[in-house]
Amino acid sequence: MSPKISVRAAAGTRDFLPEEMALRNYVRNVIETSFQRFGFQPLETPAIERLDVLTGKYGEEADRLVFKILKRGRELEKGLESGDLADLALRYDLTVPLARVAAMNHGSLVYPFKRYQIQPVWRAERQQKGRYREFVQCDADIVGSSTISADAEIIALTYEILTALGIPKFCIHVNHRSILHDIITGVCGVTEDKFVAACVAVDKYDKIGWEGVREELDRRGLTKTMVEAVITALNFSGLPADVMAETAKQFEEFPELLSAYGEMSRLFEELQAQGVPEESLSFTHYLARGLDYYTGPIFETIVEEPKIGSITGGGRYDQLIGMFSGQDIPATGTTIGIERIFDVMRELHLFDAEIDAPVQALVAVFSKETRLESLKIAAELRRAGIKTEIYLDEAKKLGKQFAYADKKRIPFVIIAGPDEIAKGEVTIKDLKKGEQKVVGRGKICQALRAPITQS
RNA sequence: GUGGAUAUAGCUCAGUUGGUUAGAGCGCCUGACUGUGGCUCAGGAGGUCGGGGGUUCAAAUCCCCUUAUCCACCCCA
């Protein structure tokens with residue numbers, strides 16, 4: 001025997017055993033189906049990107065969370081001298097890889113290019129519940145359209161997915177980076193270099209309240225007047241129509257805000273036309289979002305319970321692709337946080353009715369002599385599209401085989417013992433009901449599809 | 001990356017001021033049940049007390065280090 005090595009997974013990573021995979025696949029399928037229903041097409045990109053593709057896109061803080069990959073061989077030795085140790089990295093999100101792909105294939109894509117992507121991403125964070133170092137993201141993005149209709153479509157898609165999954169109470173918060181920018185700098189007089197800091201502070205309102213935001217803004221070096229101006233100007237959130245009405249009055253002297261508000265008005269109109277109820281939306285002026293690359297409308301979904309933070313997040317990033325191609329291509333999109341959605345659904349027991357039995361029937365083996373007959377039955381069922389297992393171990397007592405079916409939650413056990421074989425029949429037992437009946441060999445599939453009744 | 005808490009059987013947890021062979025419930029295995037799961041009853045297996053070092057006659061228990069998890073910050077899905 002080789003010495004025992006310590007068995008543990010890398011920090012912040014997880015294994016998904018079959019039971020959990022069933023739930024994960026269910027969520028994934030619902031999301032993917034919705035993506036396709038809106039006409040998005042799949043894209044996959046490598047887990048590994050060149051480091052320079054990823055750095056400088058997310059903001060100073062986030063750059064440190066990128067998992068870097070050491071250079072190899074002689075390059076690493078050289079790197080040790082220069083201090084330049086890494087040249088590759090694991091992707092941090094799916095948006096930047098998309099931007100790279102869009103830049104590289106600019107000439108051949110059909111615009112607007114609508115793609116979805118469901119793949120793992122990696123972040124070198126300290127883990128917490130609902131925050132992992134390896135997790136799957138589901139992104140849908142529209143590249144090459146600068147119209148607000150594209151943003152509306154992304155939000156409508158988000159609504160459709162969360163509804164299809166049965167998430168009960170969620171609210172999609174929407175804001176606009178231009179509005180945020182013009183209010184904070186133009187209306188409140190905050191200098192350009194403090195804009196990002198002000199956003200970060202304001203974005204925390206839900207967590208720390210206006211008192212907390214006040215302290216935070218103060219700590220970040222805004223004057224008292226600016227702090228109060230920012231808080232007064234951004235303390236608007238709620239039903240889009242109400243917020244539009246209030247802010248229209250508030251900011252009518254600031255014409256530079258008008259076009260962004262006009263866009264927002266159109267956005268909400270389009271959402272209404274697509275059947276997204278107003279109650280599921282909020283025009284939230286203090287929503288900022290951390291990533292640097294957003295330029296226009298931004299959105300984020302919050303669930304009321306359980307309190308797990310945001311389950312989707314996205315926005316428009318009209319200048320990101322230009323960082324690769326030198327020519328700006330407008331784009332907007334969202335991430336659907338499948339990991340958190342999964343946690344929410346588990347906590348609220350939303351799965352129970354949705355998951356199919358992984359195996360529908362177990363063909364029991366009465367004895368060594370009858371095994372071939374059982375195999376024939378199993379083969380027939382499989383050909384008919386029924387998920388079927390045959391008991392594999394040395395023929396044990398039937399009790400064992402029933403217990404196995406019970407533990408694996410296989411709903412039906414099919415027995416072909418000497419009696420049944422002699423008559424060309426099988427016994428089918430419905431484990432849920434605890435009832436069984438005898439049917440002819442040709443009628444097994446039919447019997448499995450119809451509920452078993454007392455006979 | 002910063003600060004704090006936790007770590008005992010497959011799971012959830014007991015374990016008294018350091019003191020014999022570390023316990024319970026659930027789960028697992030076997031049998032009662034020689035053609036039938038769940039319920040009941042009777043047995044049984046399973047732990048280098050996260051890992052390493054130290055203090056002590058003696059450590060699951062005290063100290064140090066380390067790793068992982070959880071919480072807060074940071075940030076985000």
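Chain A is the first sequence line, chain B the second, and so forth, proteins listed ahead of strands; every chain is numbered from 1.
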Spacing of A:Ile428 atom CD1 relative to B:G37 atom P, expressed in whole Å: 19 Å
Heavy-atom donor-acceptor pair, A:Glu420 side-chain to B:G35 base, under 3.5 Å: yes
With A:Ile302 via side chain to side chain contact (heavy atoms under 4.5 Å, CB included) - residues at least two apart: A:His173, A:Glu300, A:Ser310
Any donor-acceptor pair under 3.5 Å from A:Thr295 side chain to A:Asp318 backbone: yes
Rounded distance (Å) that lies between atom P of B:G1 and atom NZ of A:Lys68: 12 Å
Short side-chain N/O contact to B:G37 OP1/OP2 from A:Lys408, under 4.0 Å: no
Of A:Ala124 and A:Tyr404, the one whose closest RNA chain B nucleotide lies more 5': A:Ala124
Heavy-atom donor-acceptor pair, A:Glu134 side chain to A:Pro120 backbone, under 3.5 Å: no
Sugar-phosphate, base or nothing in reach of A:Asp419, heavy atoms under 4.0 Å: base
Atom pair distance, as rounded to whole Å: CG in A:Leu17 and P in B:G10: 16 Å
Atom-to-atom span, CZ of A:Phe402 to C1' of B:G37 - whole angstrom: 7 Å
Sugar-phosphate only, base, or nothing, as touched by A:Ala403 at under 4.0 Å among non-hydrogen atoms: sugar-phosphate
Touch class at under 4.0 angstrom, heavy-atom based, for A:Ile415 against every strand present: base
Distance between C1' atoms of B:G1 and B:C74 (Å, rounded): 8 Å
Distance, C1' atom - from B:A60 to B:A72, rounded to whole angstrom: 29 Å
base_contact_polar (B:G35 base, A:Lys397 side chain, donor-acceptor, <3.5 Å): no
Pair partner, B:U16 [Watson-Crick or wobble, under 3.5 Å]: none
Whole-Å C1' distance, B:G23 and B:U8: 10 Å
P gap between B:U61 and B:G52, integer Å: 13 Å
More than 12 heavy atoms from other groups under 6.0 Å of CZ on A:Arg24: yes
P gap between B:U30 and B:G37, integer Å: 13 Å
Atom C1', compared across B:G47 and B:C57: separation rounded to whole Å: 26 Å
Nucleotide B:U30, atom C1' - distance to NZ of A:Lys400 in whole Å: 8 Å
Distance in angstrom units between A:Lys407 NZ and B:C26 P, rounded: 16 Å
Out of B:U36, B:A32, B:G38, whichever nucleotide has its closest atom nearest the side chain of A:Asp406: B:G38
Pairwise P distance for B:A14 and B:U6, with rounding to whole Å: 12 Å
Under 4.0 Å protein heavy-atom contact, by nucleotide of nucleotides 71-77 of chain B - B base, S sugar-phosphate only: SBBBBBB
C1'-based separation of B:C11 from B:G54 [nearest Å]: 33 Å
